[in-house]
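Report on the following structure.
What you see is a predicted model; the values in this text were computed from it and never measured. In listed order, ligands and their atoms are each counted from 1.
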Amino acid sequence: MGQRIQGTEDLYGGYMRSWEHMQDVARHLFGTYGFDRIETPALEQVDTFVHGIGESTDVVRKEMFRVFSGALLDDLLAAGNESGLKPRQRMAMRPEGTAGVVRAAVEHNFVPQGGTPAKLWYAEAMFRGERPQKGRLRQFHQVGVEWLGASDPAADAESIIMLMKFYEQMGFSPANMKLMINSMGDAECRPAYREKVKQFILDHKDQMCEDCLERAEINPLRAFDCKNEGCHAVMKDAPLISDNLCDDCRTHYEQVKAYLDAAGILYIEDPTLVRGLDYYTRTVFEVEIPNAGVGAIGGGGRYDGLVELEGGKPTPGVGFAVGFERIMLALEALGVSAEPAAPSCVYVACAGAEQAPVVFDAVLALREAGIRCEADRTGRSLKAQFKQADKMGAALCVVIGPDEVEAGVVTLRDMESHEQVQVPSDQLVAEVKARQ
Ligand code: AMP
């Protein structure tokens, strides 16, 4: 028997309804903020992610699923390395959404120089070769937004406000959420800060783990995220970006906070919040549900250099992504039910084979009127059909037998009270609608 790959999930039943609900919430809410949906391919050239996410990130170095066709893989194994491959032959499954959306924006010139910003949202599966555990999957789902072409701090603030509204509409209360924000500086002030952190790590190298020593060279800010207790303790005394921002970044950050204050959004400033991807500049943010034990349920930030890295003209951007599976786990931990009820259904029961054509017509008429309905197609007895209707959660059963056909009526049976009434068969749709 085939088995799904560890760290992947089948979405069906109530879980699928939840995923659809999350997309409905996104479509509605993000629509009111002026965002349109986009879907980019799950497969992109590796370079799209390398340029966008950053060569030094764990996501690119360790977690991307690479894809080769069978024929290409044979060539590759024979050659022993990838050097003969053309860029378009080097493919990967997307580990996150931003790089692909930005690639598409550059390719289709969504934001002509000085033109109207592009505001896009997506709901897609992401793929990361991580060690599977609770809330950490190899194929998971994100809803995210990208706002390209707006440098104003109001865009950062609106994105954060929209994110917090989204969580509220998914069932979280503001009191349960912890929003952390920071500014990571920009091309003006971050390089010098990065050097300071690198030097700090090297000055404490005896107390830091191997990974952090490697990070010191390629991505020193990631040392703030190290899970190692020793590193964590050392990094508590590391220089903070908040003390090293240039004037423009400081002003931008102050304005973002002023907008959040004006909107009544509660946040905690965390000067060690650096996020895993290289592309962030200035504002970054992350949301957690304390005590839910699932880690961050979403995050994002500004990425003013990313469009250029993907080959476009300088274009500012800000966005976020939330994880569907983590949201579901967090809601469960809080005891909030996030599963929309199964849609109601009408069951049309058939007493005998002679009535089958009448049932056939009744089912078509109901569906034509947009009513979800079911009929037996396996030759069950009437009793078994009622059982089936119950199992499907049908609130109403239409019963059609020889007497009904003779009298030109149908019987409507309330599945809860078992009360029955007969109505003229040409009134079927109207009578069913009246009872829904
Ligand atoms: P990131 O792009 O890493 O900030 O991810 C954004 C959100 O996606 C996170 O806050 C999580 O909710 C979710 N997420 C990231 N990685 C995974 C994963 N491996 N499994 C499940 N959810 C994830």
Side-chain angles (χ1 to χ4, degrees), residues 4-11 15 18-19 22-23 26 40 42 48-49 52-54 56-65 92-102 121-146 159-160 163-164 166-167 170-172 176-182 184 219 221-222 224-225 227 270 273-280 283-290 292-303 306 317-334 338:
R4 66 183 197 276
I5 292 170
Q6 223 198 347
T8 67
E9 285 179 343
D10 299 308
L11 269 62
Y15 204 51
S18 301
W19 173 225
M22 188 157 151
Q23 295 180 54
T40 59
T48 296
F49 303 120
I53 301 172
S56 67
T57 56
D58 284 352
V59 170
V60 164
R61 288 170 63 222
K62 304 180 188 157
E63 296 168 3
M64 257 188 334
F65 282 112
M93 306 293 290
R94 63 171 165 239
E96 55 90 69
T98 305
V101 171
V102 168
W121 73 274
Y122 60 82
E124 289 167 350
M126 303 295 161
F127 307 85
R128 290 186 196 174
E130 301 195 79
R131 202 166 56 80
Q133 50 184 292
K134 188 179 168 201
R136 192 171 295 285
L137 295 161
R138 290 177 158 178
Q139 176 173 347
F140 58 100
H141 297 80
Q142 285 185 340
V143 164
V145 310
E146 316 297 347
S159 300
I160 295 174
L163 173 66
M164 300 314 279
F166 174 81
Y167 288 128
M170 284 302 296
F172 295 98
N176 285 329
M177 296 188 273
K178 185 171 153 198
L179 164 66
M180 286 154 302
I181 63 168
N182 187 24
M184 288 183 66
N219 197 350
L221 305 195
R222 291 289 285 156
F224 283 110
D225 283 344
K227 301 282 176 286
D270 177 356
L273 177 67
V274 293
R275 309 231 345 113
L277 315 180
D278 271 358
Y279 54 57
Y280 289 111
T283 319
V284 287
F285 46 93
E286 212 159 79
V287 179
E288 266 179 30
I289 306 298
V294 298
I297 58 167
R302 178 164 281 287
Y303 44 81
L306 182 57
V318 57
F320 63 73
V322 306
F324 164 67
E325 290 81 1
R326 296 254 183 105
I327 286 182
M328 294 305 289
L329 286 170
L331 286 171
E332 196 185 316
L334 294 175

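Atom 13 (C) of ligand 1 has its closest protein heavy atom at G323 CA, 3.7 Å. The protein heavy atom nearest to atom 21 (C) of ligand 1 is G135 O, 3.3 Å. Ranking the protein heavy atoms by distance from atom 11 (C) of ligand 1 puts R326 NH1, 3.3 Å first. At the shortest separation from atom 12 (O) of ligand 1 among protein heavy atoms lies A296 O, 3.1 Å. The protein heavy atom nearest to atom 14 (N) of ligand 1 is F140 CE1, 3.5 Å.
An N or O contact shorter than 3.5 Å links G298 to ligand 1 by distance. The shortest N/O to N/O separation between E325 and ligand 1 does not fall below 3.5 Å. Looking at V322 next to ligand 1, no N or O pair under 3.5 Å apart turns up. Of the N or O atoms in R275, one or more lie within a sub-3.5 Å distance of an N or O in ligand 1.
Listed by number with element, the atoms of ligand 1 under 4.0 Å from a non-hydrogen atom of Q142 are 2 (O), 5 (O), 6 (C), 7 (C), 8 (O). The ligand atoms of ligand 1 that sit less than 4.0 angstrom from a heavy atom of L137 are 18 (C), 19 (N), 20 (N), 21 (C).
Counting heavy atoms from C-beta on, the side chains of N182 and Y280 never come closer than 4.5 Å. Put simply, the side chain of E286 reaches to within 4.5 Å of the side chain of R275, judged on heavy atoms. Two residues are said to be in side-chain contact when any heavy atoms from C-beta on lie closer than 4.5 Å; F49 and R94 meet this criterion. You'll find the side chain of R131 stays beyond 4.5 Å of the side chain of R136, heavy atoms only. With contacts defined as side-chain heavy-atom distances shorter than 4.5 Å, the pair S18/F324 qualifies.
The aromatic rings of F172 and Y167 stand perpendicular to each other, their planes meeting at an angle above 60°, with 30° marking the opposite boundary.
Nearest heavy atoms, V284 versus M184: CG1-SD, 3.4 Å. For the residue pair E325 and E9, the shortest heavy atom distance occurs at CG-OE1, 3.7 Å. Between L137 and G7, the shortest heavy-atom distance links the atoms CB-O, 3.4 Å.
When heavy-atom distances to ligand 1 are checked against a 4.0 Å cut-off, R128 comes that close only through its side chain, counted from C-beta outward.
Contact analysis puts E130 in contact with ligand 1, with a non-hydrogen atom separation below 4.0 angstrom.
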